[in-house]
Amino acid sequence: MAKINENYEKLPGSYLFAEIARRTAAFQDANPDAKIIKLGIGDVTQPLVPAVVQAMHEAVDEQTASASFKGYGPEQGYAFLRDAIVEADFKTRGVQLSADEVFISDGAKSDCGNIGDIFAVDNKVAVCDPVYPVYVDSNAMAGRAGEYDVDAEAWTDIHYMPTTSENGFCPAIPDAPVDIIYLCSPNNPTGTVLTREQLKAWVDHANETDAIIMFDAAYERFITEEAIPHSIYEVEGAKTCAIEFRSFSKTAGFTGMRCGYTVVPHELVRQGQSLNAMWNRRQTTKFNGASYIIQKGAAAIYTPEGARQVEEVIAGYLANAKVIRDGLEACGLEVYGAQNSPYVWCKTPEGMGSWDFFNKLLEEAHVITTPGAGFGPAGEGYIRLTGFGDPDQTKEAVKRIQAIL
Ligand code: PLP
């Protein structure tokens, strides 16, 4: 008899976005004339930039002639993209990598979820709370999370590190040893960033304890403050303790195109094994490479024209986020994020529950947000708003919120 992976039976339902959709639909049914504006959206809305479109058109044309046709590509990605990444994303920031430390994929979600393949089941995992759910659920599927405690809304074997306004959104280094530590900066959902000093403390801790940091930098292009690191490898010592995940999704509107990459430095060695060699083995066995056409499109953001075009789109999302932040602050609310992130993280007024504040904004302002409690227990008392919407709709939504508060 084929036995199933029983860890899947322990997984709680992915309730957050389904519940938001249910409440939104119920409200719209009862109020058909209400013009609802979505500020909860975590997907990009702007089209691909012209440089990317042109590069992909050219790549499609190449596929129409036998002389230029491409079948299976290198599982690790094409050299033209890996080389461009090494030059533009790292060398410019003082980080020396070789192209074979960069693995192109179909996105950061796959890589964050798959990286656990090269680690033992009995590693102790630490995550921030609130958290991007993939880190937790993928470890739960692998049997690394223990049991799900419904009352605590937490897994018994995961070490949760609250990141709230009280600790400046920087997780405290655990007292008891942990083996795998997920950090995300700029952070989803809080929109906050870790400074060089804060990252340095984590890197030193990981090196002292032989832990591995999984550093998710999916939103690095949104960083506007000069001193904030875009890569963990800008911090001395990180190459011996960190794996970094990047994505073209929010950088270049690739949520529907699918492309990302993961950096595994050669210096990363545990129990005498090169993690770069292990990840290479994993990828060449289970992954057949990202699409040539998509990789050509991704490479176009490293041309001067493409870089300028994606920067403009990102500036638009950041401008929306600033409109939200300034507008909410003007109502006396405590607001975080937006400066280096498309996300705005807002404390609910007078200690209101995050679902109650969500309901109030839906029913009175007809604005959809995301309740912070959906990202983990320490997200209670916050809501997340995003700058990915239309600029005029964003301004209108903020006006409506101001009118009811
Ligand atoms: N990491 C974080 C923190 C995210 O918020 C997301 C997407 O929302 C991803 C990774 C996934 O990115 P990708 O679209 O490349 O799979």
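Just so it is clear, the values below take in all heavy atoms, side chains as well, and ignore hydrogens, waters and symmetry mates.
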Atom of I104, atom of F287 and distance for their closest heavy-atom approach:
O-CE2, 3.6 Å
Do NZ/NE/NH1/NH2 and the carboxylate oxygens of K296 and E58 come within less than 4.0 Å?
no
Assign the ring pair Y219 / F222 to parallel, tilted or perpendicular, where the plane angle (0 to 90°) is split at 30° and 60°.
tilted
For the residue pair E305 and T303, confirm or rule out a side-chain donor-acceptor distance under 3.5 Å.
no
When every non-hydrogen atom of A242 is compared with those of I232, the smallest separation belongs to CB-CG2, 3.7 Å
Parallel, tilted or perpendicular: which one describes the rings of H366 and F27, with boundaries at 30° and 60°?
tilted
Over 60° means perpendicular and under 30° means parallel, so tell me whether F248 and F254 are parallel, tilted or perpendicular.
tilted
Nearest heavy-atom neighbours spanning A217 and H230
CB-O, 3.8 Å
I need the minimum non-hydrogen distance between S354 and Y382, along with the two atoms involved.
CB-O, 2.9 Å
Side chains of S274 and N276: do they bring a donor and an acceptor to under 3.5 Å?
no
Do the side-chain N and O atoms of Q76 and N280 include a donor-acceptor pair separated by under 3.5 angstrom?
yes
Treating D179 as the side-chain partner and A211 as the backbone partner, does any N or O pair qualify as donor plus acceptor under 3.5 Å?
no
Other residues, nucleotides and ligands only: do more than 12 of their heavy atoms fall within 6.0 Å of NZ on K38?
no
Are there over 12 heavy-atom neighbours, none belonging to R281, within less than 6.0 Å of that residue's CZ?
no
In this structure, are over 12 heavy atoms from other groups packed under 6.0 Å from D175 atom CG?
no
Once salt bridge (charged side-chain N to carboxylate O under 4.0 Å, His left out) is applied, do any residues pair with R246, and if so which ones, sequence neighbours excluded?
D89, E220, E244
